[in-house]
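Keep in mind that the numbers below use all heavy atoms, side chains included, and drop hydrogens, waters and symmetry copies. Residue numbers start at 1 and run along the sequence shown.
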Amino acid sequence: MILIKENHYVASTVLVKDADGRYVFLVRKEENGYSFPSTLVEPKKTGLACVIGRLKELVNIKIENLELNELTNAVVNDNRIPLFVFIYEDENVSSPSELLMEDSGLSWVHSENIMSTLEEWKISGVPQFLLM
């Protein structure tokens, strides 16, 4: 088990299909665009455990329906941040908005709406989740 040093962040996003069958990203609206939900790595926990714990606090999802699609690195303000990209499928959910908890500060957006965020986050390599 690889642990990330304390005081480091990990981030995540979840892709869910909207009513038109297009994927939308889970993001936080910021003053100048969007960011991905992130959390500090807790002592003696993996980055994956921390992001899953944080997602459970932010969205109404069944963890067993959450599939890790990709793990990539992002560089934000010269800090390397692991970015976990999940796909969530639940046939009982008719709209992604049903998954948002009240006062989470999160929303769902299509990839074309977060391109500046992806550029700002300096995603390493060619993220496969953008090809979906």
Side-chain angles (χ1 to χ4, degrees):
M1 175 169 65
I2 297 173
L3 299 177
I4 299 173
K5 291 189 327 187
E6 288 185 48
N7 299 323
H8 275 74
Y9 281 89
V10 288
S12 64
T13 189
V14 178
L15 281 73
V16 176
K17 286 187 179 176
D18 66 8
D20 297 326
R22 293 180 60 208
Y23 280 107
V24 288
F25 289 76
L26 180 67
V27 294
R28 180 176 306 283
K29 178 78 171 130
E30 300 286 345
E31 196 173 299
N32 296 323
Y34 298 97
S35 67
F36 296 111
S38 58
T39 188
L40 272 171
V41 175
E42 298 174 35
K44 300 184 181 180
K45 285 192 176 181
T46 64
L48 179 60
C50 293
V51 295
I52 288 176
R54 186 67 179 138
L55 286 173
K56 287 164 64 175
E57 296 170 359
L58 297 173
V59 286
N60 292 311
I61 57 174
K62 297 177 191 170
I63 293 301
E64 62 271 15
N65 292 17
L66 197 62
E67 179 183 319
L68 180 61
N69 178 260
E70 186 170 357
L71 170 59
T72 190
N73 281 307
V75 178
V76 182
N77 300 326
D78 296 323
N79 293 306
R80 186 172 297 279
I81 300 175
L83 174 62
F84 293 85
V85 180
F86 298 95
I87 292 178
Y88 185 77
E89 293 182 4
D90 186 341
E91 58 191 34
N92 297 319
V93 175
S94 60
S95 168
S97 60
E98 293 175 31
L99 301 172
L100 296 177
M101 288 192 183
E102 200 171 308
D103 300 327
S104 69
L106 301 175
S107 60
W108 300 102
V109 296
H110 291 106
S111 61
E112 61 267 19
N113 297 327
I114 60 167
M115 292 313 272
S116 62
T117 299
L118 296 171
E119 291 167 8
E120 190 176 301
W121 276 59
K122 296 181 186 141
I123 308 289
S124 62
V126 178
Q128 297 302 305
F129 62 88
L130 290 179
L131 306 175
M132 300 179 81

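Listed here is the closest heavy atom pair of L71 and P82: CD1-CB, 4.1 Å. Between F36 and S12, the shortest heavy-atom distance links the atoms CB-O, 3.5 Å.
Within the structure, every pair that satisfies the side-chain hydrogen bond (donor to acceptor under 3.5 Å, both in side chains) test and touches residues 97-109, not counting sequence neighbours, is listed here: S94-E98, S95-S97. The salt bridge (Lys or Arg N to Asp or Glu O under 4.0 Å) pairs that include a residue from residues 12-22 are R22-E112, where partners are two or more places apart or lie in different chains. Residue pairs that meet the salt bridge (Lys or Arg N to Asp or Glu O under 4.0 Å) test with at least one member in residues 25-41, sequence neighbours left out, do not exist here. Residue pairs meeting the side-chain hydrogen bond (donor to acceptor under 3.5 Å, both in side chains) criterion with at least one partner in residues 51-68, sequence neighbours excluded, are R54-E57.
A side-chain contact (heavy atoms from CB on, under 4.5 Å) with L99 is found for exactly one of L106, L58, V16, namely V16.
To the nearest 0.5 Å, atom CZ of residue F84 and atom CG of residue N69 are 13.0 Å apart.
Residues I81 and S38 are not in side-chain contact: their nearest non-hydrogen atoms beyond the backbone lie 4.5 Å or more apart. Between Y9 and T39, every side-chain heavy-atom pair lies at or beyond the 4.5 Å cut-off. Taking the side chain as every heavy atom from C-beta outward, F86 and I52 approach each other to under 4.5 Å. Two residues are said to be in side-chain contact when any heavy atoms from C-beta on lie closer than 4.5 Å; I87 and Y23 meet this criterion. In this structure, the side chains of L66 and L55 come closer than 4.5 Å at one or more pairs of heavy atoms. Inter-residue side-chain proximity for C50 and L40 is flagged as unmet; no heavy-atom pair is nearer than 4.5 Å. A 4.5 Å side-chain heavy-atom check between V59 and L100 finds at least one atom pair inside the cut-off.
In the hydrophobic cluster analysis, where Ile, Leu, Val, Met, Phe, Trp and Tyr join through side-chain heavy atoms closer than 4.5 angstrom, V24 is grouped together with L68.
Remark: side-chain polar atoms of T13 are paired, donor with acceptor, to backbone N or O of L26 under 3.5 angstrom.
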